[in-house]
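Below is one structure; the comments refer to it alone.
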Amino acid sequence: MNPKHIILTLLLILCPIGMAAQSTITRNKPKPAVTKPKPAAKPKARPKAKPKPAPRRNSTHHSSSTNSTTGLSAELNKLINNMVYVSGGTFTMGGTSEQGCDAESDEKPTHNVTLSSYYICKYEVTQALWQAVMGSNPSEFKGDDQPVERVSWNDCQTFINRLNNYTGRNFRLPTEAEWEFAARGGNNSRHYKYSGSNYISDVAWYIDNSYKRPNPIGTKQANELGLYDMSGNVWEWCSDWYGSYSSYSQNDPTGPNSGASHVFRGGSCYDLARICRSSRRDGYSSGYRGSHLGLRLVLSQL
């Protein structure tokens, strides 16, 4: 057979077979998986921001000023309510018999003193009151209800001037005679050695019970007039210059016209019992400050 005829015959036989095979492969070929894209998640709605309040001008200063004014007003009301009336009278001033051998030379001679009526605060000036008036607290041992200390006689005058400007009154330091008369219990005096008792621990914070530091006001017994801490706790400045006594009788004495130091009275938490007696006296220069030294206020008229 002619070779060309053989090749042609083979092609005619093989061609249908190839097409059939191709058809089978095409039918059995797996279809590619179609992945539908997921819809994009809807964005969560953001909460609406609250509008910021407009800044208040000087809000801090205003708040501080208001608090300061409120605190001052409260302390001044407290002070007025704690003023005790002392009815005028005559007493023997100085180292009288109940003071015994503890009386010192500058407490003599004893002498009669007649005083007009006045008001005295039942408590020593507190740190809270001083802070409210002065805007600062010089005390070594801090506490609102503790007596202010580390104040000089001059500091006390500045404090009193500001206090009087705020109140329209005439607060002042007591005279030495006014202080002693009140400490003795005024016209109600029972002639105790200390202010309110012959037993110092009842009425005073002194070296044996104070832990050598001032204590909160009014925590011991009061004297006959309802006054606290006139023995012990802190010494209290008086208005007088320090000077010697004379034997003649006096009416409303105010002390010497001049001097090197001012009187302070009452003893302190650092002192022995004999220093806290009602007639005990001492003096310091006008600028002296100590953690044992404070004040008490007086008014001639309420």
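Scope of the values below: all heavy atoms of this structure, side chains included, with no hydrogens, waters or symmetry mates.
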Expected output: side-chain [X] to main-chain [Y] donor-acceptor under 3.5 Å:
X	Y	answer
N81	N77	yes
N164	F171	yes
S189	G186	no
N161	T158	no
D229	G218	yes
T167	L163	yes
N215	R213	yes
N112	Y248	no

Side chain proximity check, [X] to [Y], heavy atoms < 4.5 angstrom:
X	Y	result
V113	F181	no
T175	C238	no
V298	E178	yes
R296	M230	yes
V125	E236	no

Would a hydrophobic clustering, with Ile, Leu, Val, Met, Phe, Trp and Tyr connected at side-chain separations under 4.5 Å, put [X] with [Y]?
X	Y	value
L79	I217	no
Y118	M93	yes
L297	M134	yes
F159	V151	yes
I80	L227	no

Could you check K220 against W205 for side-chain contact (heavy atoms from CB on, under 4.5 Å), going step by step and ending with a plain yes or no?
-> CA-CA 8 Å; K220 288 292 185 178; W205 293 110; 3.7 Å; yes
Mutual orientation of the aromatic rings belonging to Y284 and Y288 [parallel < 30°, tilted 30-60°, perpendicular > 60°] = parallel
Would you please classify the geometry between the H111 ring and the Y245 ring as parallel, tilted or perpendicular, with 30° and 60° separating the classes?
-> perpendicular
With sequence neighbours left out, write down each residue that passes side chain to side chain contact (heavy atoms under 4.5 Å, CB included) with T96, or none if nothing qualifies.
-> T92, E98, Q99, T110, R184
What residues, two or more places apart in sequence or in another chain, satisfy side chain to side chain contact (heavy atoms under 4.5 Å, CB included) together with K108?
-> A103
Hey, what do you get for CG (L225) to CG (N187), rounding to the nearest 0.5 Å?
-> 8.0 Å
Gap between atom OG1 of T219 and atom CD of Q146 - 0.5 Å precision | 9.0 Å
Worked verdict on E180 versus F91 for side-chain contact (heavy atoms from CB on, under 4.5 Å) = CA-CA 10 Å; E180 186 171 324; F91 77 109; 4.0 Å; yes
Taking side-chain contact (heavy atoms from CB on, under 4.5 Å) as the criterion, tell me which of [options] meets it with [X].
X	options	value
C269	S210, S291, C276	S210
E75	V133, T126, D144	T126
L72	T70, L76, T69	L76
E149	Q127, E124, H292	Q127

Would you tell me whether [X] and [Y] have side-chain atoms, one donor and one acceptor, within less than 3.5 Å of each other?
X	Y	value
Q131	N137	no
S117	Y85	yes
Y242	D106	yes
S195	S231	no

Where do [X] and [Y] come nearest, in terms of heavy atoms and distance?
X	Y	answer
W237	L293	CZ2-CD2, 3.2 Å
R190	E224	N-OE2, 2.8 Å
N223	A183	ND2-O, 3.3 Å
G196	V203	C-CG1, 3.9 Å

Is it true that R280 and D271 have a side-chain N and a carboxylate O under 4.0 angstrom from each other?
-> no
Lys/Arg N to Asp/Glu carboxylate O, R289 vs D155, below 4.0 Å | yes
Check the pair Y123, N233 against side-chain contact (heavy atoms from CB on, under 4.5 Å), reporting the backbone distance first and the verdict last.
-> CA-CA 11 Å; Y123 303 118; N233 219 15; over 6 Å; no
Other residues, nucleotides, ligands: >12 heavy atoms within 6.0 Å of R172 CZ = yes
Testing W241, W235, W153 for ring-ring contact (aromatic ring centres under 6.0 Å, His included) with F264, which one passes?
-> W235
Any pair counted as side-chain hydrogen bond (donor to acceptor under 3.5 Å, both in side chains), so long as it reaches residues 250-260, sequence neighbours left out | S116-D252
Stepwise side-chain contact (heavy atoms from CB on, under 4.5 Å) test for E107 and R277 | CA-CA 11 Å; E107 299 170 38; R277 296 174 295 104; 2.8 Å; yes
